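First up is the structure itself, then whatever we jot down about it.
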Amino acid sequence: MSLNSTLAAVTDRIIARSETTRAAYLERMRAARGKGPARAHLSCSGQAHAYAATGPDQQTLAEASKGHLGIVSAYNDMLSAHQPFETYPVLIRDAVRKAGGTAQVAGGVPAMCDGVTQGEAGMELSLFSRDTIAMATGVAMSHNVFDAAVYLGVCDKIVPGLVIGAQAFGHIPAVFLPAGPMTSGLANDEKAHIRQKFAAGEIGREELLKAEMAAYHGPGTCTFYGTANTNQMLMEFMGLHLPGSSFVNPGTPLREALTVEGAKRALSLSALGNNYTPVCDVLDEKAFANGIVGLMATGGSTNLLIHLIAMARAGGILLDWQDFAELSDAVPLLARVYPNGLADVNHFHAAGGLGYMIGELLQAGLLHPDTRTVAGEGLELYTQEPFLTEDGLTFRPGTGQSLNDAILRPADAPFQKSGGLKRLTGNLGTAVIKVSAVAKEHRVVQAPARVFHDQEEAKTAFKAGELTGDVIVVVRFQGPKANGMPELHSLTPFLGIMQGRGQKVALVTDGRMSGASGKVPAAIHVVPEALDGGPVSRIQDGDLVRLDAVKGTLEVLTEGALEREPATADLSAHQHGTGRELFSLFRRSVASADEGASVFGV
């Protein structure tokens, strides 16, 4: 199948736009490769320091090795998704020893749980934790003693941060090793229903907590298709996972075998062998275009509209929201996974999963087939599935048909002909909206605005019975410069209640929504943000606002509204406490959402 014309055109535009910055990045990587790991050039004291705690590997490192593998881990047991990583270093070290190599934990990176901090002050650190993780990765790898690396991370900001950090050492091969999703618990739609009942005051906290603990009940990622699982999808579409490894449950023999194989594979890709595959060659313009296609075809998290841009810039590649919008129009939606459907990621994986989707998109000409991956040359390798046999781990062709067409459909009979995300433009600025879970009758909302300066104000107004008619809820001063751009997922239950009552309702914000953004239309990441004096700072209660996700527009219709002086907000309460004072430099230097909301330049 010939390459889809839109995919070809968008990729060509990305290549042209990135020509200067990408060339400069690759030149830096070539220079770094020429220097190589500095083990042999370290002083005797330096080498002794590096090898002192390696036990049986100490002499091997001092003499020679078939390769030294760095492990960068986001392990902690606060995150269910990262708790399985506790045992990975032992598996990895044993695996590479058998292959004649050595491995060390190069360093750990912080990893916070957005599920814990939703609606709390800690959420204002969440986005900035991505760039902190990237910097921590740089510190871990800075000793320059590694021939290849494996990165252990899963959740929201962790994988993007690790990818950004890995590209600073882009001359070194990198394999990302996931932990997999927890087994299915309380159904996600039932969990959402109970949250709505609690928001409406129909049940108490005891019943709510019981339901939440039945949903989040063991090691592994949350089972809905939010940011964490969108990250895992991207790592396969972009060639940094082993094929079919993203959604294998923790604590299973197959999960362990994939971890072992991933470690050995990383070692085999180093410059010491004949299959040198640095991460800078894997993450090229085609890989990022494939990642955007995967985001659209699966109806993935809105957070990746920011993260993919930041990840790409770390390798000198310049993406913009127009690239996402055009690919969304060309890519069909092939999956229905909660919040875009009733299935969870375990059901999705059982129905054919990423291997089936990649096969369908390749046949439709909607993916670049000729990318380099950690599995080898060509994305066709990612239509395979891993299996355990008497001879060990093997890969064989995956299913050529969906095993449940309520969850997965072929490219010629999709759930909808376009992808799950839209770009909005108009006199209120530029924003994005996730429409894959929004019913067609809710995709155009024209209503009076009700303006708030934080989500607690909005929730208080709802509880007081003030939000009874059609309304567009505007929550501003939530951008990266204002307060770190926290997710506003705690608004979802009451907005859903209002929509369920028959009200026309939408959200407009310069903040973020979670990867769980669902049935209520939400124009998010509005730029310019209110703190920069963007048009959203001029809206007042009662102004008529129109959000049209069909035409892709976001406008205030009240005459003279944009001629007002911009509103201001008292943000002093967001400067201190729960670690926020440590990130003042980030708030002062962060780029806008459409540039990746990063503190790093290109």
Side-chain angles (χ1 to χ4, degrees), residues 74-85 109-130 132-133 153-161 178-196 198-199 205 207-232 247 250 300-304 306-307 337-340 344-346 434 437 455-456 459 478 484-496 511-518 522 524 578-579:
Y75 163 72
N76 65 49
D77 59 11
M78 179 70 175
L79 277 73
S80 62
H82 292 74
Q83 185 272 343
F85 290 142
V109 303
M112 62 182 289
C113 181
D114 288 5
V116 175
T117 58
Q118 286 287 352
E120 302 294 329
M123 176 52 73
E124 295 182 19
L125 276 60
S126 173
L127 178 60
F128 293 147
S129 76
R130 181 196 66 194
T132 305
I133 289 162
V154 176
C155 286
D156 295 20
K157 314 307 171 296
I158 295 92
V159 167
M182 68 179 69
T183 56
S184 300
L186 180 72
N188 285 296
D189 60 327
E190 177 62 18
K191 174 191 68 181
H193 177 64
I194 291 171
R195 285 178 176 176
Q196 285 196 352
F198 176 76
R205 290 187 63 86
E207 189 172 346
L208 175 65
L209 181 59
K210 181 180 178 181
E212 295 287 357
M213 292 184 71
Y216 306 115
H217 62 89
T221 60
C222 310
T223 60
F224 66 88
Y225 193 54
T227 308
N229 288 317
T230 303
N231 285 338
Q232 304 315 297
F247 300 131
S301 167
T302 56
N303 281 324
L304 273 301
I306 297 174
H307 297 326
V337 187
Y338 188 85
N340 308 328
D344 68 22
V345 293
N346 292 310
K434 180 176 178 178
Q455 57 188 322
E456 290 305 316
K459 288 189 283 187
Q478 304 299 305
M485 206 180 198
E487 287 184 350
L488 306 178
H489 182 47
S490 65
L491 298 177
T492 301
F494 87 76
L495 292 172
R512 292 186 294 132
M513 286 293 280
S514 160
S517 326
I524 61 175
T578 323

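Counting from 1, the numbers follow the sequence of the chain as shown. Note that the structure is a prediction, hence the values are computed from the model and not measured.
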Measure across P219 and Q83 and return the closest heavy-atom pair with its distance rounded to 0.1 Å.
CB-OE1, 3.6 Å
SG of C113 to CE of M78: how many Å apart, nearest 0.5 Å?
6.5 Å
Under 3.5 Å, side chain of N229 to main-chain N/O of F224, donor-acceptor pair present?
yes
CE on M123 to CG on D114, rounded to 0.5 Å:
4.0 Å
Rounded distance [0.5 Å steps], CD1 in I524 versus CE in M485:
7.5 Å
Is any side-chain heavy atom of E487 less than 4.5 Å from a side-chain heavy atom of T117?
no
Working to the nearest 0.5 Å, report the span between CG of D156 and OG1 of T221.
10.5 Å
Please round to the nearest 0.5 Å and tell me the distance separating atom NE2 of H307 and atom OG1 of T230.
10.0 Å
Between S184 and T223, what is the shortest heavy-atom contact and its length?
CA-CG2, 4.4 Å
Applying side chain to side chain contact (heavy atoms under 4.5 Å, CB included) between F85 and each of V154, L79, D77, report the one that passes.
V154
After noting the C-alpha distance and the side-chain angles of S490 and Q455, does the key distance pass the side-chain hydrogen bond (donor to acceptor under 3.5 Å, both in side chains) rule?
CA-CA 8 Å; S490 65; Q455 57 188 322; 2.6 Å; yes
Looking only at heavy atoms, the pair that brings A228 and C155 closest together is CB-CA, 3.8 Å
Any carboxylate oxygen within less than 4.0 angstrom of a Lys/Arg side-chain nitrogen, looking at E207 and K210?
no
For the residue pair F247 and N346, establish whether any side-chain heavy-atom pair is separated by less than 4.5 Å.
no
Looking at every heavy atom in both V159 and G153, which two are closest together, and how far apart are they?
CG2-O, 3.5 Å
Drop me the distance from Q478's CD to R512's CZ, to the nearest 0.5 angstrom.
11.0 Å
What are the two closest heavy atoms between M182 and S80, and how far apart are they?
CE-OG, 3.6 Å
